[in-house]
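Nothing here was measured: the structure is a model prediction, and the numbers come from that model. The sequence lines fix the lettering, A, B, ..., with proteins before strands; numbering per chain opens at 1.
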Protein chains: 2
Amino acid sequence: MGNQKLYKGSLQTIILKLLASNTKMYGYEITQKVKELTKGELKITEGALYPALHKLEADGLLDVEVAKVGNRLRKYYKLTENGTRETASKLEEMQEFLKTMQHLVNPKFGLE
Amino acid sequence: MGNQKLYKGSLQTIILKLLASNTKMYGYEITQKVKELTKGELKITEGALYPALHKLEADGLLDVEVAKVGNRLRKYYKLTENGTRETASKLEEMQEFLKTMQHLVNPKFGLE
DNA sequence: CTTATATACCTAAGTTTTTTATGCATTAGA
DNA sequence: TCTAATGCATAAAAAACTTAGGTATATAAG
């Protein structure tokens with residue numbers, strides 16, 4: 001697991017992207033999916049995740065649907081229309097960011 | 001200028017990388033260089049830069065050398081030996097991070 | 001000549017986002 | 001029956017930054 005510090009600021013985008021690909025997901029599922037997809041590189045803590053989900057919901061980007069599975073509850077989140085738009089926008093910003101950073105830290109860079 | 005939020009956590013690495021490529025630089029020069037290299041995508045604010053430089057110096061990663069140019073002073077920073085080691089390490093973490101994020105937000109991802 | 005912009009340093013208060021540390025409850029497995 | 005996994009949550013603290021100042025010199029424009 002590398003420098004978790006670098007992931008600061010990208011949590012919202014990660015959540016939105018997952019919901020764009022998976023229609024609906026619940027919190028715990030998101031933490032597991034991210035751990036799996038990143039091969040353990042990134043572990044989303046619950047202390048970060050739940051407040052983030054609540055904020056996205058409050059901002060109108062996510063809708064919640066509570067389900068009871070056995071005797072335990074799950075809160076399924078999915079994108080609203082606005083959420084879908086915002087996701088596209090945030091993904092573009094992310095791509096731009098990644099391109100810029102790649103360029104900045106490229107080992108060849110600055111030697112030209 | 002995209003989402004500045006995404007750059008949170010990467011300032012130290014950016015500074016170190018620049019000093020690895022340019023031997024010595026002063027604060028203002030760093031802000032200008034980053035603006036130029038990123039074509040305005042990233043603007044490092046002085047309120048973020050100077051505290052970061054001071055911290056890197058306090059951590060023993062940078063050495064300072066004060067120079068007088070005309071009637072104005074400049075503080076040139078350069079990597080210490082430890083700083084050079086840390087830079088290599090941080091650049092590896094950055095590459096890992098970029099790879100992981102690229103993978104996570106890849107549009108094709110999650111559709112397989 | 002005076003005013004705006006660029007150069008060059010700095011700090012402090014406030015905000016945002018995350019970590020760390022809890023808490024509660026259910027279910028499955030050893 | 002005890003531990004780990006599932007599933008939600010919050011609250012205090014830390015970290016990193018933005019915003020908003022402050023000081024001073026140099027230079028270009030009007």
Base, sugar-phosphate, or nothing for A:Gly47, non-hydrogen atoms under 4.0 angstrom? base
With sugar-phosphate meaning primed atoms plus P, OP1 and OP2, does A:Glu29 contact a base, only sugar-phosphate, or nothing at under 4.0 Å between heavy atoms? nothing
Between [X] ([atom1]) and [N] ([atom2]), how many Å, whole number?
{"X": "B:Asn71", "N": "D:dT23", "atom1": "CG", "atom2": "C1'", "answer": "14 Å"}
{"X": "A:Tyr28", "N": "C:dC24", "atom1": "OH", "atom2": "P", "answer": "20 Å"}
{"X": "A:Leu49", "N": "D:dT10", "atom1": "CG", "atom2": "P", "answer": "12 Å"}
{"X": "A:Arg74", "N": "C:dT27", "atom1": "CZ", "atom2": "P", "answer": "11 Å"}
{"X": "A:Lys55", "N": "C:dT16", "atom1": "NZ", "atom2": "P", "answer": "8 Å"}
{"X": "B:Leu42", "N": "D:dT18", "atom1": "CG", "atom2": "P", "answer": "9 Å"}
{"X": "A:Ile44", "N": "C:dT18", "atom1": "CD1", "atom2": "P", "answer": "9 Å"}
{"X": "B:Lys33", "N": "C:dA8", "atom1": "NZ", "atom2": "P", "answer": "14 Å"}

Phosphate oxygens OP1/OP2 of [N]: is one of them under 4.0 Å from a side-chain N or O of [X]?
{"X": "B:Tyr50", "N": "C:dC9", "result": "yes"}
{"X": "A:Lys43", "N": "C:dT19", "result": "no"}
{"X": "B:Lys5", "N": "C:dT16", "result": "no"}

Residue whose closest nucleotide on DNA chain C lies nearer the 5' end, A:Ser10 versus B:His54: B:His54
Between A:Leu11 and B:Arg72, the residue closer to the 5' end of DNA chain C by nearest nucleotide is B:Arg72
Choosing from C:dT11, C:dC9, D:dC8, which nucleotide comes nearest the side chain of B:Pro51? C:dT11
What nucleotide, of C:dT17, C:dC10, D:dA9, holds the atom closest to the side chain of A:Lys8? C:dT17
Looking at B:Tyr26, is its backbone amide N or carbonyl O close enough to the side chain of B:Glu29 to form a donor-acceptor pair, meaning the two atoms are under 3.5 Å apart? yes
Quick check against the 3.5 Å criterion: does B:Thr23 have a side-chain atom that pairs as donor or acceptor with the backbone of B:Leu19? no
Distance-only donor-acceptor test (3.5 Å): side chain B:Gln4, base D:dC17: no
side-chain contact (heavy atoms from CB on, under 4.5 Å) between A:Val64 and A:Tyr76, intermediate numbers included: CA-CA 6 Å; A:Val64 197; A:Tyr76 281 98; over 6 Å; no
On a heavy-atom basis, the closest approach of A:Met101 and B:Ser10 is CE-CB, 4.1 Å
Does the side-chain contact (heavy atoms from CB on, under 4.5 Å) test come out yes or no for A:Glu96 and B:Glu41, once each step is laid out? CA-CA 9 Å; A:Glu96 183 74 19; B:Glu41 243 278 304; 3.3 Å; yes
